[in-house]
Amino acid sequence: MKNYSVILRELTVEIYEVTSTLFRIMIPAIIVIKLLKIMGGIELLSIALEPVMTWVGLPESMGIVWATTLLTNIYTGMFVFFSQSAEAQLTVAQVTVLSGMMLMAHGLPVEARIAQKAGIRLSVTLIIRIGGALIYGWLLNYLYTSGDFLQETNQLLWQPEITIAPTLGLWALEQLQSLLAVFLIICALLSTLKILKLVGIEKFINYLLSPLLKLLKIGKEASTITLIGITLGLSFGGGLLIKEAKAGHVSKQDIFSSMGLLALCHSIIEDTLLVMLLGAHISGALWLRIAFALIAISLLTRWVANRTESFKTRFLFT
């Protein structure tokens with residue numbers, strides 16, 4: 001058994017490595033996103049997305065909601081939704097479709113870069129997340145309209161006050177607070193993982209997850225980290241995967257399988273509760289999303305496993 005000073009020193013190094021890696025990705029992305037918002041980039045993207053909204057059964061005006069979510073996060077997308085929903089008069093089914101797409105594809109400048117740093121090509125991540133969101137949105141719309149499910153008018157469970165955009169100083173303060181929260185969560189996560197390893201609970205978790213991991217072709221080395229990403233978010237799961245990948249503890253195939261699953265299904269507690277405030281039904285916000293992600297990734301990982309190493313290196317892995 002290692003003494004406490006060695007364990008503490010190892011933990012400190014791990015916290016520094018994960019935090020510094022994430023911050024090097026997040027800080028430039030936050031600045032770029034702010035510049036895009038100032039220059040009207042979100043509005044331009046929303047115009048391009050208007051035809052896509054019709055394809056999944058949504059009004060064109062919802063393009064600005066998804067565009068905002070794609071480039072920023074679900075919170076910002078929610079506030080744009082609240083400003084647009086009064087005029088749109090959406091059904092519960094439509095809100096669930098939009099929410100499902102927001103859950104699968106959001107915060108791409110940060111989260112796609114994290115996946116790239118972990119070892120997955122940027123183009124692959126964008127295809128999985130945006131393509132998966134569109135396919136899932138179409139499937140939900142088809143299911144709800146063909147079965148005449150959830151066609152009642154949506155009633156908002158919560159309506160925030162629309163506030164004036166913060167000054168640049170307030171915006172910078174908010175970002176610093178967010179980064180501090182990320183740092184504290186990473187400290188808690190890595191400390192918990194260290195304890196789980198020391199007392200042997202991590203092996204028990206791997207044993208319980210082994211049937212599911214076998215289906216998804218995810219090795220036991222990435223199982224605990226994948227579980228963290230599913231429950232708490234891609235940034236945290238991806239950040240830990242980057243650390244393990246650098247140390248050579250996780251294979252490229254496991255990284256691909258894990259990041260593919262997290263691309264379609266992550267932060268299932270917080271994000272699900274958020275979109276349910278919009279009026280989304282839990283069937284599409286959680287249960288069908290989990291089923292879609294499991295089926296899609298189990299098929300995708302089997303396809304990848306049959307590709308040649310040269311193909312994987314050229315098109316899939318960084």
Quiz item: Are there more than 12 heavy atoms of other residues, nucleotides or ligands under 6.0 Å from atom CZ of R314?
Solution: no

Quiz item: Is there a path from F81 to I47 through hydrophobic residues (I, L, V, M, F, W, Y) whose side chains come within less than 4.5 Å of each other?
Solution: no

Practice problem: Treat each ILVMFWY residue as a node, draw an edge where side-chain heavy atoms are under 4.5 Å apart, and state whether I282 and L150 are in one component. | Solution: yes

Quiz item: Near W171 CH2, under 6.0 Å, is it more than 12 heavy atoms from other residues, nucleotides or ligands?
Solution: yes

Exercise. Check whether any side-chain N or O of Y136 sits under 3.5 Å from a backbone N or O of G284 as a donor-acceptor pair, and report yes or no.
Key: yes

Self-check item: Check: S191 side chain, A188 main-chain N or O, donor-acceptor pair, under 3.5 Å
Solution: no

Quiz prompt | Check: R289 side chain, A285 main-chain N or O, donor-acceptor pair, under 3.5 Å | solution = yes

Exercise. Could you give me the CA-CA distance, side-chain angles and deciding distance for V95 and V92, then say whether side chain to side chain contact (heavy atoms under 4.5 Å, CB included) is met?
Key: CA-CA 5 Å; V95 173; V92 175; 5.8 Å; no

Quiz item: Is a donor on one side and an acceptor on the other found under 3.5 Å between the side chain of T272 and the backbone of I269?
Solution: no

Quiz item: Between S258 and T226, do the side chains contain an N or O donor and an N or O acceptor separated by less than 3.5 Å?
Solution: yes

Practice problem: Using a 4.5 Å cut-off on heavy atoms from C-beta on, say whether the side chain of T231 contacts that of E270. | Solution: no

Quiz item: Considering only heavy atoms from C-beta outward, does the side chain of I218 approach that of Q253 to under 4.5 Å?
Solution: no

Quiz item: Can you name the one residue among L71, T68, V32, I42 that meets side-chain contact (heavy atoms from CB on, under 4.5 Å) with K37?
Solution: I42

Quiz item: L139 and L143: side chain to side chain contact (heavy atoms under 4.5 Å, CB included), yes or no, with the steps?
Solution: CA-CA 6 Å; L139 287 173; L143 174 66; over 6 Å; no

Quiz item: Between P59 and Q94, what is the shortest heavy-atom contact and its length?
Solution: CD-NE2, 4.1 Å

Quiz item: Side-chain contact, heavy-atom cut-off 4.5 Å: L140 with M101?
Solution: no

Quiz item: Where is the tightest heavy-atom contact between N154 and L278, given as atom of each residue plus distance?
Solution: ND2-O, 3.0 Å

Quiz item: Going from NZ on K252 to CG on L316, what distance comes out if it is rounded to the nearest 0.5 angstrom?
Solution: 10.5 Å

Self-check item: Plane angle bin for F256 and F317 - parallel if under 30°, tilted between 30 and 60°, otherwise perpendicular
Solution: perpendicular

Quiz item: Around F23, counting heavy atoms of other residues, nucleotides and ligands shown, do more than 12 lie under 6.0 Å from its CZ?
Solution: yes

Self-check item: Spacing of I135 atom CD1 and I130 atom CD1 [to the nearest 0.5 Å]
Solution: 12.0 Å

Exercise. Mind listing the closest non-hydrogen atom pair of L262 and G229 along with its distance?
Key: CD2-C, 3.5 Å

Quiz item: Is a side-chain N or O of S83 found less than 3.5 angstrom from the main chain of V80, in a donor-acceptor match?
Solution: yes

Quiz item: Just how far is it from atom CG of L184 to atom CG of L179, taken to the nearest 0.5 Å?
Solution: 11.0 Å

Quiz item: Side chains of V18 and I242: closer than 4.5 Å at any heavy-atom pair?
Solution: no

Quiz item: Are L241 and L122 co-members of a hydrophobic cluster defined by side-chain heavy atoms under 4.5 Å apart?
Solution: yes

Self-check item: Hydrophobic cluster membership, I295 vs L286, 4.5 Å side-chain cutoff
Solution: no

Quiz item: What are the two closest heavy atoms between G239 and L22, and how far apart are they?
Solution: CA-CD2, 3.9 Å

Quiz item: To the nearest 0.5 Å, how far apart are CE in M259 and CD1 in I120?
Solution: 7.0 Å

Quiz prompt | Ring center gap for W303 and F311 short of 6.0 angstrom | solution = yes

Quiz item: More than 12 foreign heavy atoms under 6.0 Å from NZ of K243: is that the case here?
Solution: yes

Quiz prompt | Nearest non-hydrogen partners of I128 and A263, listed with the distance | solution = CG2-CB, 3.9 Å

Quiz item: Taking atom types as modelled and ignoring hydrogens, do the side chains of T91 and Y144 form a donor-acceptor contact shorter than 3.5 angstrom?
Solution: no

Exercise. Give the minimum heavy-atom separation between K117 and I25, together with the two atoms involved.
Key: CB-CD1, 3.8 Å

Self-check item: Summary of side chain to side chain donor-acceptor pair (under 3.5 Å) pairs that have at least one residue in residues 121-134, sequence neighbours excluded
Solution: E111-R129

Quiz item: Can you check whether L215 reaches S298 side chain to side chain, under 4.5 Å on heavy atoms?
Solution: yes

Exercise. Look up atom CD1 in I185 and atom CZ in F236, then write down how far apart they are to the nearest 0.5 Å.
Key: 3.5 Å

Exercise. Please assess L134 against M104 for the test side chain to side chain contact (heavy atoms under 4.5 Å, CB included), listing each intermediate value before the final yes or no.
Key: CA-CA 9 Å; L134 290 173; M104 288 190 180; over 6 Å; no

Exercise. For the pair S46 (side chain) and E43 (backbone), establish whether a donor and an acceptor sit closer than 3.5 Å, ignoring hydrogens and angles.
Key: yes

Quiz item: Do the side chain of T313 and the main chain of S310 share a donor and acceptor less than 3.5 angstrom apart?
Solution: no

Quiz item: Between N73 and T76, does a side chain to side chain donor-acceptor pair (under 3.5 Å) hold up when you go through it step by step?
Solution: CA-CA 6 Å; N73 51 54; T76 310; 3.0 Å; yes

Quiz item: Can you find a pair of side-chain heavy atoms, one from C265 and one from L103, that are under 4.5 Å apart?
Solution: no

Quiz item: How long is the span from the CD1 atom in I225 to the NE2 atom in H249, to the nearest 0.5 Å?
Solution: 10.0 Å

Exercise. Show your reasoning for whether side chain to side chain contact (heavy atoms under 4.5 Å, CB included) applies to L193 and E14.
Key: CA-CA 11 Å; L193 285 176; E14 290 175 359; over 6 Å; no

Quiz item: Looking at K194 and E10, does any basic side-chain N land under 4.0 Å from a carboxylate oxygen?
Solution: yes

Quiz item: Is there side-chain contact between F183 and C187, with at least one heavy-atom pair below 4.5 Å?
Solution: yes

Self-check item: 4.5 Å side-chain heavy-atom contact, I290 and L294
Solution: yes

Practice problem: Check whether M26 and L35 end up in the same hydrophobic cluster, where Ile, Leu, Val, Met, Phe, Trp and Tyr are linked by side-chain heavy atoms less than 4.5 Å apart. | Solution: yes

